[in-house]
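As the structure is a computational prediction, the values presented were derived from the model and not from experiment. In what follows, every chain begins at residue 1, and chains take the letters A, B, ... in the order their sequences are listed.
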Amino acid sequence: MSGKTPGAADIATAVEPRLQTLTERADFLRAARARRKAMPGLVVQARRRAPDEADSATIRVGFTCSKKVGNAVARNRAKRRLRAVARAVLPEIGKPGWDYVLIGRAGATAARPFIALEGDLRAALDKLHGEGR
RNA sequence: GCGGAUGGCCGGAUGGCCGCGGGGCCGCAAUGUCCCGAGGAAAGUCCGGACUCCACAAGGCAACGGUGCCGGGUAACGCCCGGCCGGGGAAACCCGAGGGAAAGCGCCACAGAGAACAGUCCGCCCCGGAUCCGUCCGGGGCAAGGGUGAAACGGUGGGGCAAGAGCCCACCGCGGGCCUGGCAACAGGACCGGCACGGCAAGCCCCACCGGGAGCAAUGCCGAAUAGGGAUCUCGUGCGGGGCAGCAGUGCCGCGCAGGGCCGCCUUGGCCCGAGAUCCGGGUUGGCAGCUAGAGCCUGUCGGUAACGGCAGGCCCAGAGGAAUGGUCAUCCAGGGGGCAUCCGUGCCCCCGGACAGAAUCCGGCUUACAGGCCAUCCGCGCAU
RNA sequence: GGCCCCGUGGCUCAAUCGGAUAGAGCAAUCCCCUCCUAAGGGAUAGGUUGCAGGUUCGAAUCCUGCCGGGGCCG
C-alpha cells in the first residue's frame, strides 16, 4: 500500500484509538475502586483516567482471574477469551482516556458461547458509560 | 478367541477468518514479507549435576548430614542394567531401606514362674514317712507335656531311661574352618562340633563410602537516587610504672608489655586492633547481560546379555519477562446416549462431547496426575489343524 | 522461580526414649439450683491424630510419598 493515496482504511486506523495492556498492580487497584458491572460471563470495571496520568488518546485494558476460576490452564484460557472479546468490542465502543479491567468468572467465562460473551461486554459498557454521564 | 504379565508409543486432524511473542530481510520509520513458537509429565521441588557468587594455608582429628547385598553403566546420583538372597504367584512375572545384634549402651508394655540369664507355676519320676486309701508331707532327680505371650533357650522321628534330657542316632536347621565354581554377592560338597548365638539398628551406635555454603529474586554492567550514619547495653582479664584526690584502704585518668577477637578444634601459622547484641534513620526503581547449540535430537552401523558406549551421516528444536504460543467457525476422526429400520452383519438421523495439564537458567533421574487408543513380546485356558 | 516451617474434638493446647484408654480448658446438649437469666454444681456426646503406604509384637510419636495452610527473598 502506497502512503500517497489516503484511503478510507488509512483514516480509520489513524482515528482508531490505540489499545494498551495494564500491567501495574496500582492501576488494577484504582480500577477496582471505580464503577463495576457484573454480567453472566464476566465482570467489568471502568474509570476515566485523570488528565496527567497517561496519553489521553489510548484505551487501556487489563485482564485478571482469581484462583477460584481454576488451575493455571483454566485461568489462562479465561483471560485469552477475555482478550479476544475485548479486541472485538473495545476499538468500536470503548472511550479513549478510559481504563477497563475485565475479570473472569469461574466456569462461565470459559463455557459461555462467544457471541453471548461479546454481548455481555457491550451491555456492560453501555451501562457504565451511561452512569458516567 | 478369552483371561493375565511386561515393555514402548500416541495423546486429536485439516481448512477459512481475526490475532499474539521472538528472529531474519527491505527500509528513516510505520507498513510489508519469510521462518519458528509448550509437555510427557512443562507439576511436586524429593535427589544428582552444570553455572555464578561467598568462604577456603597445610596436616591430623572431631562434629553434622546422607547412602548401604554384589558387579557394571554414568559427568554424577538415593537413578538405571545384570546377577545373588528372601518372600508371593499355577505360570509369564512381581515385591524387598537387603551391611553389622559374639564392640558397647538402651528397650521388649500387659500376661506369664521366667523376656535374655537362665529359670520352674501346673506337672512327670524315685525314695522315706503319714493315711480317713481320696491323697498329703519331707528329701531328691527332670524339663518332655500343659499354660502365658508377638516372641520361651534348636525342630521331627527313633533309641534310651525310674522319669527325662543332643544323653545317643538319622534327617533338617545352626556354627566352624576346608575344598570346588564364580571378579564378587553367593552357591554346592564332604568333614567336625553337640547347640553355645531371641528380637529391635526406619533407637543410640559400629563399619565402609560420599558431602564447604548459598542459590538465576545467584551474579555482573549501565543509569537514577541517597546516608555512608546515629543511640543504648554487655564484656574489655593480668602485670609493671606514672599523674591526680585522700591520713590510709582505695578510686579516677593516660602509657607500656603480656595479649584479646576471628579462622570448627589442636600444632605450626595467618588476619584484625576493640568485639558482640539490640534499636532508630536512609534506600529497596529502570534497562542490558546471564538466556539458550546442549552430558542435544534423528538414522545407520559396530561392541556389549543389558543399562550404555564408539564411529559415520543428517538436523536446529520456544526464549517470554506479570509472562506470547491464541480466539472463533466448519468438516472429519475417536468416544458416549437416544430413536427408526434390519437379511442381526449393520445402515440412517438427532443430541452431548475431547484425559491430566501451561515453559520461567539449563540438563540427568525419581515421585505424583492422566479420557481414550495403538504396537510388540511372553504365560495359562479353549477351539481348529 | 527458589528457600523454610506447621497440621491432634467446633476453638486453644497436652500426651517422658514407641506401650495399648489419645487427656485438659473453653464451647455444645441435658439435668439441678433461681420467680427468670448469668454464675455455680452434676452428667453426656463429640477424634479415619491431614491422607496413603512401610518398619515394629505394637505408631499421634520413627521412615517414605502425597494433600492442605503459613512465612521469607530482589
Testing A/V61, A/L102, A/D120, A/L82 one by one against A/V44 for a side-chain contact (heavy atoms from CB on, under 4.5 Å), which residue passes?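 That would be A/L102.
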Identify the nucleotide, in any strand shown, that forms a Watson-Crick or G-U wobble pair with [N], with both distances under 3.5 Å; if there is none, say none.
N: B/C340; result: B/G347
N: B/C378; result: B/G4
N: C/U21; result: none
N: B/U234; result: B/A275
N: C/U8; result: none
N: B/G283; result: none
N: B/A293; result: none
N: C/C35; result: none

Backbone of A/A110 reached by a side-chain donor or acceptor of A/R81 within 3.5 Å: yes
How should the glycosidic conformation of C/U56 be described, syn or anti, under the criterion that syn lies within 90° of 0?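 The base of C/U56 is oriented syn (glycosidic angle within 90° of 0).
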Checking understanding here: a glycosidic angle within 90° of 0 is syn, the rest anti, so what is B/A196?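 This nucleotide is in syn.
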Roughly, in whole Å, what's the span from NZ in A/K79 to C1' in B/A324? 12 Å
Would you kindly check if the NZ (Lys) or CZ (Arg) of A/R60 is within the cone defined by 45 degrees around the ring axis of A/Y100 and under 6.0 Å from the six-membered ring centre? no
Looking at B/G327, I'd like to know if its phosphate oxygens (OP1 or OP2) sit under 4.0 Å from a side-chain N or O belonging to A/R77. yes
With a cut-off of less than 4.0 Å, is there a side-chain N or O of A/R80 near OP1 or OP2 of B/U328? no
Between A/P113 and A/A74, just flag the one whose closest nucleotide in RNA chain B comes earlier from the 5' side.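 Looking at RNA chain B, the more 5' nearest nucleotide goes with A/P113.
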Interatomic distance at C1', B/A320 relative to B/A355, whole Å: 28 Å
